[in-house]
Undergrad: 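Below you will find the structure I want to go over with you.
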Amino acid sequence: MTPVPPGAQPSASPNDRPLRKAIAPGKLMIAGKWRDAETGETTDNLDPTTEAVTTKIAKGTVNDANAAVDAAYDAFEEGPWGRMHHEERAKILFRMADLMDERAEDLAIREAMDMGMPYKDFREIIMPHCSGLFRFFGGLAMSAMNGSYRSSYEADIRILTRRQPLGVVAAITPFNFPLALSCSKIAPALAAGNTIVHKPASDTPLTALAMAQIALDAGVPEGAYNLITGPGGSIGDALVANPKVDKIAFTGSTPVGQGIMRKGADTMKHLTMELGGKSPNIVFADANIESALQAAFWGIFWNKGEVCVAGSRILVERAIYDEFVERLSVMARNAVLGDPLDPATMIGPIASRGEYDKVLRYVQAGKESAARLSAGGGTRTINGKGLFIEATVFADATNDMTISQEEIFGPVVPIIPFDTEDEAIRLANATSYGLASGIQTGDMGRALRLADRIKAGTVWLNTWHKYHPNAPFGGFKMSGFGREQGSEALESYTQYKTVWANLG
Ligand code: NAP
């Protein structure tokens with residue numbers, strides 16, 4: 001992450017906002033063809049910086065969703081994808097990775113104008129990770145997925161284990177990190193030989209449109225990759241109900257995930273649930289203070305806090321509490337808010353009006369609580385437009401406050417004091433979530449000891465926001481189950497078959 005410059009000023013907005021020719025705006029991709037929604041209806045896609053319309057998005061219907069599933073089902077049953085030699089599939093995944101890198105600028109502009117993610121962060125951090133996922137899972141697809149054993153009880157018996165694809169995977173993805181969280185599902189699902197129906201979030205579908213074209217251009221057979229846009233409450237629900245869908249790979253809020261689990265039970269869906277978080281960042285007095293401040297700042301304010309693993313509760317040892325609060329507050333006041341296409345921008349706009357209003361309700365709850373507003377708390381605009389919320393710090397917070405327990409999903413953080421290691425771990429675990437966590441300390445023995453006790457799927461020691469295609473990612477408790485990335489992810493898109501052969 002770029003160090004926070006002292007005394008940074010708000011950045012100016014560049015006037016040139018070049019949405020590269022949107023690939024088939026207002027269309028769905030079903031069976032390898034771009035087509036209109038059944039009703040011809042579209043919705044406006046808005047840029048959160050200018051609040052202007054960028055393009056039209058097809059408003060798919062339940063019939064469209066079922067047509068996409070039929071295409072994926074037929075492609076799985078009849079088509080070459082699932083039966084293709086895994087080396088051939090791997091080559092196509094590698095081609096997708098190369099095409100993504102070639103089209104990186106277009107993808108970055110889409111993400112900036114759709115989700116408000118700073119262009120520079122996307123190019124430097126997100127893009128290599130996304131194409132890396134296709135290379136990683138393409139590589140895994142080439143490794144042997146099957147085994148053969150001899151029975152130790154009967155000499156003539158051979159046991160052949162086969163890992164086979166599940167069939168049709170519906171990937172339902174959230175508005176934040178649209179490309180990364182789509183790739184983390186689509187790459188392993190395709191690598192294992194499944195076919196795909198992708199349903200991106202209604203607020204941020206632009207990179208999903210580009211990815212459907214990339215899949216087609218890379219040689220994924222028609223029907224093996226389908227894209228359907230429209231309201232989650234109807235078409236997402238239809239995907240979950242459809243008996244031809246074998247797995248729902250879901251990232252989103254915990255309540256929607258719970259609804260999918262309930263409904264999915266009717267047709268015995270395989271599930272991966274990547275849900276919400278309220279991740280604790282524990283800062284001990286013996287930490288390198290500069291490094292701890294950077295971890296705390298970027299932990300919460302990267303991508304304006306619209307990050308499931310944001311360090312959204314900071315616990316600070318009392319001996320350095322006042323100094324830490326003051327210095328983090330200065331950094332927050334100096335953070336550069338601005339157009340995500342401007343390379344100087346550190347904090348872009350909130351992705352949508354609905355999210356903006358929700359975050360401001362939490363800011364208000366913080367102001368009405370016993371916590372002390374130490375930085376931010378207001379909004380900004382550029383030329384009177386834009387959904388910008390200041391980097392906001394609440395000091396003297398307690399762990400039971402609403403702002404300490406609920407997922408705000410914005411650039412807002414409470415800071416809570418603690419006195420002992422045991423108190424820190426008790427507070428860290430006192431939440432229904434268990435997605436990520438961090439420990440900032442100069443004592444690596446303590447860091448590793450506490451890493452064992454924290455109930456979270458990711459623990460960052462003296463850092464924050466590190467990711468790799470090889471590193472399993474997922475939650476404990478109400479943050480969900482199943483893992484993305486790593487070989488565990490590939491396995492979760494397969495099922496075992498055991499074949500017994502009598503050679504006698
Ligand atoms: P969301 O409201 O739960 O929506 C997620 C997706 O589900 C969207 O595509 C949405 O479509 C769709 N959906 C809505 N209702 C549905 C239904 N009844 N059946 C099937 N699908 C439905 O979440 P969000 O606001 O987009 O994303 C933010 C949340 O995601 C936060 O809680 C965050 O922590 C979590 N998240 C978790 C991770 C992780 O890895 N654990 C990563 C990122 C985000 P529409 O957009 O059309 O409503």
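Being a predicted model, the structure only gives us computed values, none of them experimental. Numbering of ligands and ligand atoms starts at 1, following listing order.
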Undergrad: Would you verify that at least one protein heavy atom lies under 4.0 Å from atom 4 (O) of ligand 1, or report that none does?
TA: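 Within 4.0 Å: no protein heavy atom nearby.
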Undergrad: Is there a nitrogen or oxygen of C308 sitting under 3.5 Å from a nitrogen or oxygen of ligand 1?
TA: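 No, since none of the N or O atoms of C308 sits under 3.5 Å from an N or O of ligand 1.
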Undergrad: Pick, from E484, K263, K199, E306, the option with the minimum heavy-atom distance to atom 10 (C) of ligand 1.
TA: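 The option holding the nearest heavy atom is K199.
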Undergrad: Does K477 NZ have over 12 foreign heavy atoms under 6.0 Å away?
TA: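 Yes.
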Undergrad: Is it true that G230 lies under 4.0 Å from ligand 1, counting heavy atoms only?
TA: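 It does; at least one heavy atom falls under 4.0 Å.
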Undergrad: Would you check whether G474 reaches within less than 4.0 Å of ligand 1, judged by its heavy atoms?
TA: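 No heavy atom of G474 comes that close to ligand 1.
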Undergrad: Suppose I only count heavy atoms of E407 and a 4.0 Å limit; which atoms of ligand 1 are within that range?
TA: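 With E407 as reference, the close atoms of ligand 1 come out as 31 (C), 32 (O), 33 (C), 34 (O).
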Undergrad: Using a strict cut-off of 4.0 Å, indicate which atoms of ligand 1 neighbour a heavy atom of D237.
TA: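 Taking each heavy atom of D237 in turn, ligand 1 has 19 (N), 20 (C) under 4.0 Å.
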Undergrad: Would you mind running through ligand 1 and noting each atom that sits below 4.0 Å from a heavy atom of N176?
TA: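 The list of qualifying atoms is 43 (C), 44 (C).
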Undergrad: Short list, please: which atoms of ligand 1 are under 4.0 Å from a heavy atom of L181?
TA: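 Under 4.0 Å from L181, ligand 1 has these atoms: 42 (C), 43 (C).
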Undergrad: If you take all heavy atoms of V413 and G311, which pair is closest and at what distance?
TA: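 For V413 and G311, the tightest heavy-atom pair comes out as CG2-O, 3.7 Å.
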Undergrad: Using the side-chain contact (heavy atoms from CB on, under 4.5 Å) definition, which of the options K269, E274, M273 pairs with F250?
TA: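 Going through the options one by one, the only one that passes is M273.
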Undergrad: For ligand 1, which atoms sit closer than 4.0 Å to a heavy atom of P231?
TA: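 Atoms satisfying the 4.0 Å criterion: 47 (O).
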Undergrad: Got a sec: does the NZ of K59 have more than 12 other heavy atoms crowding it under 6.0 Å?
TA: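 Not more than 12 within 6.0 Å, no.
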Undergrad: Under 3.5 Å, is there a donor on one side chain and an acceptor on the other for S184 and E484?
TA: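 Checked: S184/E484 side chains pair up, N/O donor to acceptor below 3.5 Å.
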Undergrad: Which atoms of ligand 1 have any heavy atom of G236 under 4.0 Å away?
TA: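 Matching atoms, with element in brackets: 19 (N), 20 (C), 21 (N).
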Undergrad: Give me the one residue out of D246, V168, L190, V69 that meets side-chain contact (heavy atoms from CB on, under 4.5 Å) with T195.
TA: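 Only one option passes, and that is V168.
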Undergrad: Quick check on the 6.0 Å ring-centre criterion: do F409 and F175 meet it?
TA: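 Distance test on ring centres: under 6.0 Å, yes.
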Undergrad: Regarding S492 and K247, is there a side-chain donor-to-acceptor distance under 3.5 Å anywhere?
TA: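 Yes - a donor-acceptor pair under 3.5 Å links their side chains.
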Undergrad: Between L275 and ligand 1, does any nitrogen or oxygen pair lie at a separation below 3.5 Å?
TA: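 Yes; at least one N/O pair falls below 3.5 Å.
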Undergrad: So is F175 close enough to ligand 1, meaning a heavy atom under 4.0 angstrom away?
TA: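 Within the 4.0 Å threshold, so yes.
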Undergrad: I'd like to know if R110 and D106 make a salt bridge, using a cut-off of under 4.0 Å between side-chain N and carboxylate O.
TA: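 D106 and R110: salt-bridged.
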Undergrad: Go through ligand 1 atom by atom and flag the ones less than 4.0 Å from a non-hydrogen atom of S202.
TA: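 Here the atoms of ligand 1 in question are 45 (P), 46 (O), 47 (O).
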Undergrad: Check ligand 1 against T251 and write out every atom of the ligand that is under 4.0 Å from a heavy-atom position of the residue.
TA: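 Matching atoms, with element in brackets: 5 (C), 36 (N), 37 (C), 38 (C), 39 (C), 40 (O), 42 (C), 43 (C), 44 (C).
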